[in-house]
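Reckoned from all heavy atoms, side chains included, excluding hydrogens, waters and symmetry mates. Proteins come first, then strands; the chains are lettered A, B, ... in the order of their sequence lines, and each starts at number 1.
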Amino acid sequence: MSDGASRLATPELPDATTLKRWFVTTNHKDVGLLYVGTSLFFLVFGGVLALLVRSQLWVSRAPGEGLLGPVAYNQAVSAHGLLMVFWFLSPLAIGLANYVVPLQIGAKDLAFPRLNALSYWLYLFSGLLFGVSFFQGTSFSGGWTMYAPLNVPTFMPSLGATTTVFALILFTASVTVGGVNFITTIHRMRAKGLSLWRMPLFTWTILLTVWMMLFAFAALLAALLVLSSDRLLGTMYFAQSSPGGALLWTHLFWFFGHPEVYIVFFPALGVMAEVFQTFTGRRIVGRKWFIAAMVLVAVQSFFVWMHHMFLTSISLNVKTLFMATTIGISLPFDLMVFALIYTLKKGDIRFSTPFLFNFGALVLFILGGITGVFLGAVVLDYEFRGTYWVVAHFHYVMVGGVTALIGGIYYWFPKFTGRMYDEFLGKVHFAMYFVGFNLLYFPMFVAWETPRRVFAYQSSLEPWHQLATVGGFLLGSSFLVMFYNLYRSAWAGEEASASPWEYASTAEWTVSSPPPLENYDGYPDYTEGELRYLDEATVRAESTGAGGAAAAAADGGTLLRREG
Amino acid sequence: MTPPATAVETGHDRHESHASVWPVIVAAGAFLTLLGASGIRQGSFVDGTAGGVYLGLLVSGAVVTLGALVAMTMEPFGGPVVEWAAQWPFAEVENTKLGMWVFLASDVVLFGAFIGAYAFVRVAHGWQAWHDLIPAAHVPLPGLINTYLLLTSSFSVVIAMVAAREERPRVLVGSLVATFGLGVAFLINKALEWQHLFHVHGAAFPNGWDLSTNIASSTFYLTTGLHGAHVAVGLLVTLYMIGRASRGAYMGDDEPIEHFGLYWHFVDVVWLFLFPLFYIL
Ligand SMILES: [Cu+2]
């Protein structure tokens with residue numbers, strides 16, 4: 001390395017109490033916390049927009065009445081969808097994954113630590129870019145699906161709409177960099193003896209998520225680049241005059257969009273599996289089938305996208321085919337749901353906050369799944385498409401996933417901070433959250449005849465919408481309890497041991513809370529079925545004999561009872 | 001695209017780095033670049049001072065991004081070492097190479113979607129009727145020349161890799177310069193072709209054949225343009241490697257060149273699909 005190069009070196013990592021640390025860190029645990037914190041900021045951003053929308057819907061209004069004008073309403077709805085799906089949900093999951101996956105597989109960090117920091121910063125700046133778009137005329141106002149030809153300058157001339165598209169492109173760059181990093185790490189840096197079959201389920205769901213992300217977001221990137229070119233350079237792909245332009249957008253978008261549902265949901269499923277195992281003291285029932293079902297879903301997810309297009313001009317034969325693949329993809333999910341239920345049935349349940357959230361998530365997901373079957377059937381979809389049935393269904397699925405991830409925050413909070421959250425406030429949060437959730441979204445099934453995307457509706461449905469609005473505010477305020485609880489506990493909570501959960505079985509619970517900078521003193525090793533730490537000499541000698549003493553069950557092995 | 005960080009091996013207790021200032025700067029630069037580009041409409045910046053501000057943001061953002069990327073590549077940074085790991089099914093592929101493969105896999109989908117979009121709108125318009133949207137001046141010859149240029153440059157990258165392995169610095173620099181020259185020739189040839197097509201005359205296309213003329217011109221310019229952008233990025237990396245190679249780098253260390261070669265071959269293969277689709281069929 002030349003002198004010029006060494007001048008470019010960044011000095012040692014500053015202390016965690018300094019601000020500078022958080023700008024230069026490449027450590028996976030720091031980056032994970034940055035992701036989680038930033039994603040919660042975007043939860044508030046998108047959540048406030050949702051509350052604006054719900055306030056506007058308190059009664060059925062004519063354009064110009066109420067809090068939001070027509071264009072402001074369209075922006076609020078579009079930005080709410082985009083921010084929640086892209087800037088909140090996945091980044092929260094990726095934040096948990098950043099922290100937990102290297103610990104679970106026995107790696108010191110991700111394969112490319114600087115690229116990991118880069119994907120975080122690209123994510124943050126993409127979100128800021130979205131924020132700026134509101135100050136350039138108007139932000140994107142054509143719904144989160146950004147359908148053509150509404151998305152071209154003829155109908156949406158504002159520069160802010162272009163900036164929103166760019167924000168998504170920058171987000172996609174972040175996802176691609178992060179995906180490459182996680183895929184390389186999980187495939188190449190697992191502790192010796194930790195075969196894919198034995199890998200903890202949360203890591204499994206992240207592995208499948210990042211593979212789906214890699215391909216799905218590449219398709220989205222193509223759609224976004226074409227759209228940018230239409231907006232900036234004047235190409236004609238999505239123009240009204242373009243043959244098949246509107247249909248082309250739906251193909252590109254939903255080829256991304258359906259896998260995106262699982263990209264959002266899989267990490268939640270992983271948290272559910274971990275939390276169910278820890279709080280029932282039982283290994284998940286049918287573990288190998290569970291993994292096989294997830295792999296199957298991940299592959300199948302790329303062959304169902306046209307169920308979002310039953311109202312377009314594609315032929316009935318193709319629609320029927322995609323109805324069949326859609327029913328097909330629900331079968332592995334049935335298996336997973338039953339595996340989770342049987343795990344509960346056979347285990348000895350401890351009702352702590354992480355468990356409550358994850359059990360709640362399962363209930364919500366079952367409801368969301370069943371109501372989705374209506375939309376997957378061509379004939380029923382003709383009736384339900386474009387109504388609040390769709391809105392209610394996908395919020396049950398997506399926010400159902402959020403529920404599990406929130407449980408994940410509580411679950412790993414002692415690991416992140418070395419302190420325990422307040423259990424009572426955690427339960428208060430869950431109670432408010434669960435009641436608020438159902439009060440918000442269930443009335444939408446009842447008032448399903450409300451047309452989606454507009455704020456005028458049949459006034460006979462007003463009571464249901466008022467219930468939903470009340471539920472929305474309850475759901476939103478439940479997070480104030482969480483923020484207060486986590487903030488106070490991070491500084492003043494009871495100190496947590498390496499493994500505060502009695503039956504926790506994955507490797508992140510074998511190191512101190514929070515873990516040291518490089519995670520492990522020795523070399524994690526699973527070659528004899530259980531986790532051991534080998535010292536350097538042993539590894540050097542390539543022997544698997546004498547090793548460290550710290551032992552915990554591999555996730556695939558038998559559970560080990562632990563004190564404190 | 002960042003070439004791999006060069007690990008500084010100092011025996012077994014190698015120091016691992018945990019800090020770098022460059023990622024945040026790269027991302028901030030990208031933010032400024034895109035914010036600047038958002039001021040473009042119909043091929044030019046919006047009028048007035050706003051247009052100037054957008055242009056300034058775009059230029060400064062691009063400078064910051066590129067500078068920080070180069071700095072990040074040159075920064076000494078020790079990533080985690082893989083010594084005791086289960087790696088099925090990628091035990092034989094080291095991290096950076098696997099990372100490159102994975103990235104290229106996503107790039108396959110990107111180009112796949114562009115080609116799929118082209119096929120989709122062409123079928124929607126009528127596969128044969130499509131020819132009416134294209135001027136007679138759009139001939140295969142420039143594309144054919146470019147095919148040969150790229151194929152040759154793929155060959156020169158292989159020579160560069162072998163030269164690095166056999167520690168022959170002059171051959172290494174020479175073959176990298178050849179790769180760069182062939183890539184530049186590719187872009188110049190393409191620019192000449194586009195200039196010609198932009199300004200064709202005739203009854204069918206009185207105002208030339210540019211991006212907004214019709215759907216066929218849109219797909220042609222955008223798809224081959226995306227490919228051209230990949231070539232341009234590759235040339236920037238080549239330039240960087242020429243700079244380092246001329247100061248004696250890569251001797252006995254051909255991995256960075258191999259990883260770049262994977263990318264460059266990929267760009268070459270993409271062209272082998274684009275050429276028939278956009279020049280012959
Ligand atoms: Cu779907």
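Of all non-hydrogen atoms in Thr176(A) and Phe103(B), the two that sit nearest each other are CG2-CD1, 4.2 Å. When all heavy atoms of Ala219(A) and Ala113(B) are compared, the closest pair comes out as CA-CB, 4.5 Å. Across Phe166(A) and Leu34(B), no two heavy atoms sit closer than the pair CD1-O, 3.2 Å. When all heavy atoms are compared, the tightest approach of Ala105(B) to Leu214(A) is CB-CD2, 4.3 Å. Counting all heavy atoms, side chain and backbone alike, Ile215(B) lies closest to Ser242(A) at CD1-OG, 3.9 Å. Residue Pro243(A) comes nearest to Ala124(B) through the heavy atom pair O-CB, 3.7 Å, listed as atom of the first residue, atom of the second, then distance.
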*Given side-chain contact (heavy atoms from CB on, under 4.5 Å), test Val24(B) with Phe125(A) step by step and report yes or no.*
CA-CA 9 Å; Val24(B) 59; Phe125(A) 276 103; 4.2 Å; yes
_Run the side-chain contact (heavy atoms from CB on, under 4.5 Å) test on Phe31(B) and Leu128(A) for me, step by step, so that the C-alpha distance in whole Å, both residues' side-chain angles and the decisive distance to 0.1 Å come before the verdict._
CA-CA 8 Å; Phe31(B) 168 85; Leu128(A) 295 179; 3.9 Å; yes
*May I have the step-by-step check of side-chain contact (heavy atoms from CB on, under 4.5 Å) for Leu225(A) and Phe114(B), ending in yes or no?*
CA-CA 9 Å; Leu225(A) 288 176; Phe114(B) 266 84; 3.9 Å; yes
*Evaluate the side-chain contact (heavy atoms from CB on, under 4.5 Å) criterion for residues Leu35(B) and Gln136(A): first the C-alpha distance (whole Å), next the side-chain angles of each, then the deciding distance (0.1 Å), finally the verdict.*
CA-CA 10 Å; Leu35(B) 186 57; Gln136(A) 295 173 287; 3.9 Å; yes
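To the nearest 0.5 Å, atoms CG (Leu118(A)) and CD1 (Ile25(B)) are separated by 11.5 Å. We find the OG-CD distance between Ser17(B) and Glu12(A) to be 7.5 Å, quoted to the nearest 0.5 Å. A distance of 10.5 Å separates CG of Leu233(A) from OG of Ser44(B), quoted to the nearest 0.5 Å. The distance from atom CZ of Phe77(B) to atom CZ of Arg114(A), rounded to the nearest 0.5 Å, is 5.5 Å. The CG atom of Leu222(B) sits 4.5 Å away from the OH atom of Tyr237(A) when rounded to the nearest 0.5 Å. We find the OG-CD1 distance between Ser106(B) and Ile183(A) to be 9.0 Å, quoted to the nearest 0.5 Å.
For a residue to count as touching a neighbouring chain, one of its non-hydrogen atoms must lie under 4.5 Å from one of that chain's; by this rule Val132(A) touches chain B with the side chain only. Neither the backbone nor the side chain of Leu220(A) comes within contact range of chain B; no heavy atom of the residue lies under 4.5 Å from a heavy atom of that chain. Contacts between Ala191(A) and chain B at a heavy-atom distance below 4.5 Å involve the backbone alone (N, CA, C, O). Neither the backbone nor the side chain of Tyr123(A) comes within contact range of chain B; no heavy atom of the residue lies under 4.5 Å from a heavy atom of that chain. Heavy atoms of Val121(B) lying under 4.5 Å from chain A belong to its backbone as well as its side chain. Contacts of Leu124(A) with chain B are absent, with no heavy-atom separation under 4.5 Å from either backbone or side chain. Only the side chain of Tyr54(B) comes within contact range of chain A, with at least one heavy atom under 4.5 Å from a heavy atom of that chain. There is no contact between His28(A) and chain B, counting heavy-atom distances below 4.5 Å. Residue Pro157(A) touches chain B through both its backbone and its side chain, counting heavy-atom pairs closer than 4.5 Å. The contact between Leu110(B) and chain A is made by backbone and side chain atoms together, counting heavy-atom distances below 4.5 Å. With a threshold of 4.5 angstrom between heavy atoms, Val108(B) does not approach chain A through any atom at all. Proximity to chain A involves both the backbone and the side chain of Ala37(B), based on heavy atoms less than 4.5 angstrom apart. For Leu221(A), the parts lying near chain B are the backbone and the side chain together; criterion is any non-hydrogen pair under 4.5 Å. Only the side chain of Leu226(B) comes within contact range of chain A, judged by heavy atoms closer than 4.5 Å. Proximity to chain A (any heavy atom under 4.5 Å) is shown, for Thr219(B), by both the backbone and the side chain.
Here the side chains of Glu518(A) and Glu16(B) are in contact, with some heavy-atom distance below 4.5 Å. Contact check for Trp88(B) versus Leu196(A): side-chain heavy atoms found under the 4.5 Å cut-off. Counting heavy atoms from C-beta on, the side chains of Asn95(B) and Met189(A) come closer than 4.5 Å. With a 4.5 Å cut-off on side-chain heavy atoms, Met72(B) and Leu115(A) count as touching.
Using a distance-only test at 3.5 Å, with no hydrogens or angles considered, a donor-acceptor pair links the side chain of Thr26(A) to the main chain of His18(B). Looking at Thr184(A), its side chain never comes within 3.5 Å of a backbone N or O of Leu98(B) through a donor-acceptor pair. A distance-only check finds a donor-acceptor pair linking the side chain of Arg188(A) to the backbone of Phe90(B) [under 3.5 Å]. The backbone N or O of Arg231(A) sits nowhere less than 3.5 Å from a side-chain atom of Arg41(B) that would complete a donor-acceptor pair.
Between the side chains of Thr235(A) and Ser218(B), no donor-acceptor pair is found at a separation under 3.5 Å.
Listed options Thr185(A), Leu252(A), Thr162(A), Leu13(A) were ranked by heavy-atom pairs under 4.5 angstrom with chain B; first place goes to Leu13(A). Ranked by heavy-atom pairs shorter than 4.5 Å toward chain A, the options Gly116(B), Gly112(B), Ala85(B) are led by Ala85(B). Most heavy-atom pairs under 4.5 Å with chain A, from the set Asn214(B), Thr223(B), Val93(B): that is Val93(B). Between chain A and the residues Ala28(B), Ala30(B), Pro89(B), Ala91(B), the most heavy-atom pairs under 4.5 angstrom are made by Ala28(B). In terms of heavy-atom pairs under 4.5 angstrom with chain A, the leader among Gly43(B), Ser212(B), Ser217(B), Gly225(B) is Ser212(B). With chain B as the partner, the residue from Ala107(A), Ala239(A), Ala218(A), Ala117(A) showing the most heavy-atom pairs under 4.5 Å is Ala218(A). The candidate from Phe112(A), Tyr120(A), Phe23(A), Phe255(A) with the greatest count of non-hydrogen atom pairs under 4.5 Å with chain B is Phe112(A). For the options Asp109(A), Leu129(A), Ile169(A), Asn27(A), heavy-atom pairs under 4.5 Å to chain B are most numerous at Leu129(A).
Applying the salt bridge (charged side-chain N to carboxylate O under 4.0 Å, His left out) rule to pairs touching residues 106-134 of chain B yields nothing, sequence neighbours excluded.
Around CH2 of Trp22(A), the count of heavy atoms belonging to other residues, nucleotides or ligands within 6.0 Å exceeds 12. Annotation: Asp47(B), atom CG; neighbour count of heavy atoms from other residues, nucleotides and ligands within 6.0 Å does not exceed 12.
The only member of Phe215(A), Phe302(A), Phe217(A), Phe256(A) that meets side-chain contact (heavy atoms from CB on, under 4.5 Å) when paired with Val109(B) is Phe215(A).
Of residues 56-65 of chain B, not one residue has a non-hydrogen atom less than 4.5 Å from any non-hydrogen atom of chain A.
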